[in-house]
Amino acid sequence: MPGHAAAVRAAVCADSAPASLDSKTELAKQLAAYELAMLRVPDGTEVTVQPLDEDRLGYYSAASRQIVLSRSVLESGTAQETMNTIAHEAFHVQQAYVVENIDWDDAATQAAYYDQARRWLRNDQNGYVSGEEDILGYYFQPVEIDARAYAAEETERLQGLIDKELQKET
């Protein structure tokens with residue numbers, strides 16, 4: 001996919017020499033744009049960095065179409081934590097896009113192919129559970145299970161690309 005080299009360079013740079021918060025923010029935005037393109041989400045999602053509670057690495061707000069990353073993760077987190085958080089939140093953008101854009105009245109959406117999307121829809125209809133209100137409910141809801149799985153797999157894939165890029169430099 002076009003742009004993967006820039007995303008890999010962004011991730012490689014995240015663990016290299018100390019960088020300013022502004023440069024780390026720009027790299028995070030590049031990686032988020034790459035992830036959203038990989039997930040085939042149309043442009044329009046803003047990525048910002050804000051101070052968040054210590055245990056919150058980031059979140060996606062569907063209402064404002066915004067991924068918010070924790071300032072502390074960018075300041076002192078590892079490249080893997082940053083990549084994982086970006087991939088996790090980008091997947092939430094994709095989940096919201098899928099749920100919003102499927103014609104749920106179409107009989108074809110009852111096919112097994114749509115099972116995962118239907119789970120996300122039901123999760124949305126039943127109400128998203130925040131970690132502050134119920135940590136286990138948050139952890140085990142379908143949108144979070146799937147976002148964690150995607151982020152883990154994607155972070156591993158990106159790390160493999162980074163390792164290849166670093167080997168070229170040596």
Side-chain angles (χ1 to χ4, degrees), residues 1-14 19-53 55-75 77-104 109 114 116-132 138-139 141-159 161-162:
M1 157 153 279
H4 103 274
V8 169
R9 278 193 297 280
V12 169
C13 292
S20 70
L21 180 60
D22 287 344
S23 64
K24 287 182 177 183
T25 298
E26 185 54 38
L27 293 172
K29 287 180 178 183
Q30 288 176 25
L31 186 57
Y34 167 75
E35 283 299 316
L36 292 169
M38 288 283 294
L39 292 165
R40 305 284 192 241
V41 176
D43 291 341
T45 302
E46 182 183 8
V47 178
T48 63
V49 175
Q50 297 176 12
L52 299 177
D53 293 341
D55 58 342
R56 198 166 194 196
L57 305 179
Y59 66 90
Y60 171 63
S61 168
S64 64
R65 293 190 44 114
Q66 183 178 54
I67 292 175
V68 178
L69 301 173
S70 168
R71 180 182 176 130
S72 65
V73 168
L74 289 185
E75 287 177 329
T78 66
Q80 286 75 20
E81 287 174 310
T82 302
M83 289 186 296
N84 188 285
T85 301
I86 291 169
H88 181 102
E89 300 310 333
F91 196 75
H92 283 318
V93 177
Q94 193 250 9
Q95 290 170 320
Y97 178 77
V98 167
V99 166
E100 291 168 7
N101 288 284
I102 288 178
D103 177 2
W104 294 107
T109 63
Y114 290 92
Q116 187 176 36
R118 276 195 309 277
R119 284 196 315 273
W120 301 339
L121 174 65
R122 281 193 301 274
N123 195 153
D124 187 55
Q125 290 170 335
N126 294 335
Y128 180 82
V129 179
S130 75
E132 290 85 28
Y138 162 82
Y139 192 81
Q141 63 192 324
V143 293
E144 291 300 331
I145 291 169
D146 293 346
R148 279 193 311 277
Y150 173 80
E153 185 176 308
E154 181 63 359
T155 300
E156 185 176 316
R157 186 186 72 79
L158 288 170
Q159 188 61 57
L161 293 173
I162 290 166

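Since we're looking at a predicted model, the values are computed, not measured.
- Heavy atoms of other residues, nucleotides or ligands lying less than 6.0 angstrom from CG of Asp43 number 12 at most.
- Between Thr78 and Thr82 the shortest side-chain heavy-atom distance does not fall below 4.5 Å.
- When side chains are defined from C-beta on, Thr25 counts as touching Leu74, because their heavy atoms get closer than 4.5 Å.
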Side chain to side chain donor-acceptor pair (under 3.5 Å) assessment of Asp146 paired with Gln95: CA-CA 9 Å; Asp146 293 346; Gln95 290 170 320; 4.6 Å; no
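- Ile67 and Glu89 make their closest contact through CG2-CB, 3.8 Å (heavy atoms, listed as atom of the first residue, atom of the second, distance).
- Residues Ala151 and Ala87 share a closest heavy-atom pair of CA-CB, 3.9 Å.
- Within the 4.5 Å cutoff, no side-chain heavy atoms of Val47 are placed close to those of Gln66.
- Leu158 and Met83 get closest at one heavy-atom pair: CB-SD, 3.8 Å.
- Here Tyr114 and Trp120 keep their ring centres 6.0 angstrom or further from each other.
- Minimum heavy-atom separation, Ala147 to His92: CB-CE1, 3.5 Å.
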Verdict with supporting geometry, Tyr97 and Leu39, side chain to side chain contact (heavy atoms under 4.5 Å, CB included): CA-CA 10 Å; Tyr97 178 77; Leu39 292 165; over 6 Å; no
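- Between the CD atom of Glu153 and the CG atom of Asn84 there is a distance of 12.0 Å, given to the nearest 0.5 Å.
- The number of heavy atoms from other shown groups lying within 6.0 Å of CD (Glu156) does not exceed 12.
- Other residues, nucleotides and ligands place more than 12 heavy atoms under 6.0 Å from the CD atom of Glu75.
- Taking CG of Leu36 as the reference point, atom OG1 of Thr45 lies at 5.0 Å (rounded to 0.5 Å).
- Contact of the Gln80 side chain with the Gln159 side chain is registered, since non-hydrogen atoms from C-beta on lie closer than 4.5 Å.
- Remark: side-chain polar atoms of Asn123 are paired, donor with acceptor, to backbone N or O of Val143 under 3.5 angstrom.
- Under the side chain to side chain donor-acceptor pair (under 3.5 Å) rule, Tyr150 has a single partner from Glu35, Gln94, His88, which is Glu35.
- To the nearest 0.5 Å, atoms CZ (Arg56) and OG1 (Thr85) are separated by 12.0 Å.
- Residues Val68 and Val49 form no side-chain contact, since every pair of their non-hydrogen atoms from C-beta on lies 4.5 Å or further apart.
- Glu26 has no carboxylate O lying under 4.0 Å from a charged side-chain N of Lys29, or vice versa, which leaves the two without a salt bridge.
- When every heavy atom of Ser61 is checked against every heavy atom of Ser64, the shortest pair comes out as OG-OG, 3.0 Å.
- Side-chain contact between Leu69 and Leu57 is absent, with no heavy atoms from C-beta onward closer than 4.5 Å.
- The closest side-chain heavy-atom distance from Trp104 to Arg118 is below 4.5 Å.
- A donor-acceptor contact shorter than 3.5 Å is absent between the side chain of Gln50 and the backbone of Ser70.
- Figure legend: Arg148 and Tyr139 shown as a cation-pi pair, the cationic atom lying under 6.0 angstrom from the six-membered ring centre and within 45 degrees of its axis.
- Pairing each heavy atom of Ala96 with each of Tyr60, the nearest pair is CB-CE2, 4.0 Å.
- There is a side-chain donor-acceptor pair under 3.5 Å between Glu144 and Tyr138.
- With Ser23 contributing its side chain and Ser20 its backbone, the two residues share a donor-acceptor pair below 3.5 Å.
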